[in-house]
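For reference, the structure discussed in these notes is given below.
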Amino acid sequence: MDEAGIKKQNWDVKETELFLEILKELDMKKCLDGRKVRNNRLFKVAHRRMTAAGYHRSVDQLKFRWKLLKSAYYKCKREPDSPAPIKIQGWWRYEKTMVAIMESRHPLVGAGVNADRNDDVTEDSDGEASMLHWPQPCPDNSAQNNPETQNQNLDLIIKMDPEMDSQLRIGFLGAGNMAYGITKGILSGNVLPVNIKVSAPSSRNLGRFQELGISVTHSNAEVVCGSDVVFVAVKPHLVPPVLNEVSPHVTDRHVVVSVAAGVTLATLEELLPENSVAIRLMPNLPCVVQEGALLFARGSHAKQEDGALLRSLLHRCGLVEEGPEAWIDIHTGLSGSGVAFVYLFAEALAEGAVKMGMPSALAHSVASQTLVGAGRLLRDSGKHPAQLRSEVCTPGGTTIYGLHTLEQGGVRAATISAVESATERARELGRRSSRK
């Protein structure tokens, strides 16, 4: 994106404050001179946090915003009595944070270094700058000199931003379609195959994971011991025995994410050690092609940063939303099972065309593209489905005749009942799992 294009994007005050707080936190965690750690990788971290917070900026836009803020800072330093820079709306609200970032000093940074001159050299570098060599000692702070404290801080950084350290390890207990779909989505981001491990009791489904370069095993305990985030992707009735097996290996560094339909957070927390971080997630099969719809709910010990970690990890899988647990079973009926409902409709569309004389292969190809195009238009236009439907209909035309036939067949009522039945089944599975 060229500079003119970047300038057209207006920032509001809250967005800028969040951006600076993210940079400040990343700087302070590493005890470095705030001006010397701003390489391309850090901006990518900031980009993911901004995206998770709902602000959609490119990395280039973040860099350009930083340059404007930095220029304003230097102007105020050179001319303290001059008016605040007019380019930066609300500069007075950012000045304190900018000073905290720009004037922090690491003891190893010599007083003779010309920071103004060196700043732009490292700012846009893709190299492994000093910020990446964590942990950095802070001689003036006894708590941060403590190796245990440094390790805790490292765990927090890894949890918040997987790409900050390639050692974030992901484990899957179960090798079914849900696990495979999530894995494909994660691999399209920054997680490497070498940092994922999958376990299953048989080798039947493990081959496709191996084709992706992922390690496989038959030991659930091995996966948990070697992972930071553990996805429990087994059938609902297997969750209690599997968690009973691995619980002795679950520690406070783990985030346990269950994708088992119907298994409640209360059940998960009862089966796991006390104070374990548990999250309940419902994905769907289109995660395989990064077009999934995922909803998660945090357990009583899962913090906001744990949710941010999961959202960051899964954002390449498709739409990722957080909500109350009561919505998870509904999401199962709507989107988890709903994928199969859509496939049934696609099959029926194609069969209708075959009946009227179109070759089967072409009919199925056109039907699938019709669903893709309609879904994308529905998602991207922001219009209600009824409005889009009315835009297709013309008085006395083909579409209204076809819709009338669908209504006579009860397609609307049948679809509503299908979502209801799938939701109730998810709830039933949850009640069964809680009794075991």
### Query
So how far is it from I196 CD1 to S227 OG, rounded to the nearest 0.5 Å?
9.5 Å

### Message
For V259, run the side chain to side chain contact (heavy atoms under 4.5 Å, CB included) check against I182, I279, V234 and tell me which one passes.
### Response
I182

### Spatial distance of atom CG (L406) from atom OG1 (T415) [nearest 0.5 Å]
9.5 Å

#### Entry: ring-ring contact (aromatic ring centres under 6.0 Å, His included) pairs, two or more places apart, involving residues 359-379
none

### Pairs involving residues 281-308, ordered by first then second residue, that meet ring-ring contact (aromatic ring centres under 6.0 Å, His included) (sequence neighbours left out)
none

### Query
Got a sec, which residues hit side chain to side chain contact (heavy atoms under 4.5 Å, CB included) with I416, two or more places apart in sequence or on another chain?
R412

### Message
Among residues at least two apart in sequence or on other chains, which ones pass side chain to side chain donor-acceptor pair (under 3.5 Å) with S417?
### Response
none

### Query
For the side chain of S258 and the backbone of A260, is there at least one donor-acceptor N/O pair under 3.5 Å apart?
yes

### Task
Not counting sequence neighbours, list each pair that qualifies as a salt bridge (charged side-chain N to carboxylate O under 4.0 Å, His left out) and has a residue in residues 275-301.
R280-E325, R280-D329, E291-R379, R298-E322

### Task
Ignoring hydrogens and angles, tell me if any N or O in the side chain of H254 forms a donor-acceptor pair with the backbone of V224 under 3.5 Å.
yes

### Query
Can you list every pair that meets salt bridge (charged side-chain N to carboxylate O under 4.0 Å, His left out) and has a residue in residues 347-368, with sequence neighbours left out?
none

### Message
Can you confirm whether F345 is buried at CZ, in the sense that more than 12 heavy atoms of other residues, nucleotides or ligands lie under 6.0 Å from that atom?
### Response
no

### Task
Answer with yes or no whether the side chains of H384 and R389 bring together a donor and an acceptor at under 3.5 Å.
no

### Message
Would you compute the distance between atom CE of M178 and atom CG of L285 and round it to the nearest 0.5 angstrom?
### Response
7.5 Å

### Query
Hey, what do you get for OG1 (T183) to CZ (F172), rounding to the nearest 0.5 Å?
3.5 Å

## Note on the structure
Across all chains, not counting sequence neighbours, the side chain to side chain donor-acceptor pair (under 3.5 Å) partners of S381 are none

#### Entry: Any residue meeting side chain to side chain donor-acceptor pair (under 3.5 Å) with T332, in chain and number order, not counting sequence neighbours
none

### Message
Is it the case that atom CD in E274 sees more than 12 heavy atoms from other parts of the structure closer than 6.0 Å?
### Response
no

#### Entry: Partner of L271 by side chain to side chain contact (heavy atoms under 4.5 Å, CB included), out of V232, V246, L243
L243

### Message
Test of understanding: with side chain to side chain contact (heavy atoms under 4.5 Å, CB included), list the residues that count as partners of A175, not counting sequence neighbours.
### Response
V198, A200, N205, L206, F209

### Task
Using modelled atom types only, decide if a donor and an acceptor are shared between the side chain of H249 and the backbone of G226 within a distance under 3.5 Å.
no

### Task
Run the numbers on D380 and R376 for side-chain contact (heavy atoms from CB on, under 4.5 Å), then give the verdict.
CA-CA 6 Å; D380 295 348; R376 184 168 180 179; 3.2 Å; yes

### Query
Below 4.0 angstrom, N of the basic side chain to O of the carboxylate: do R57 and E15 qualify?
yes

#### Entry: N177: partners by side chain to side chain donor-acceptor pair (under 3.5 Å), with sequence neighbours left out
R208

### Query
Going by atom types alone, do S300 and E269 pair a side-chain donor with an acceptor below 3.5 Å?
yes

### Query
Can you pull the salt bridge (charged side-chain N to carboxylate O under 4.0 Å, His left out) pairs that have at least one residue in residues 230-244, sequence neighbours excluded?
none

### Query
Under 3.5 Å, is there a donor-acceptor pair between the side chain of R427 and the main chain of G262?
no

#### Entry: E245: salt bridge (Lys or Arg N to Asp or Glu O under 4.0 Å) partners, not counting sequence neighbours
none

### Task
Only one of V223, V256, L238, V239 passes side chain to side chain contact (heavy atoms under 4.5 Å, CB included) with L173; say which it is.
V223

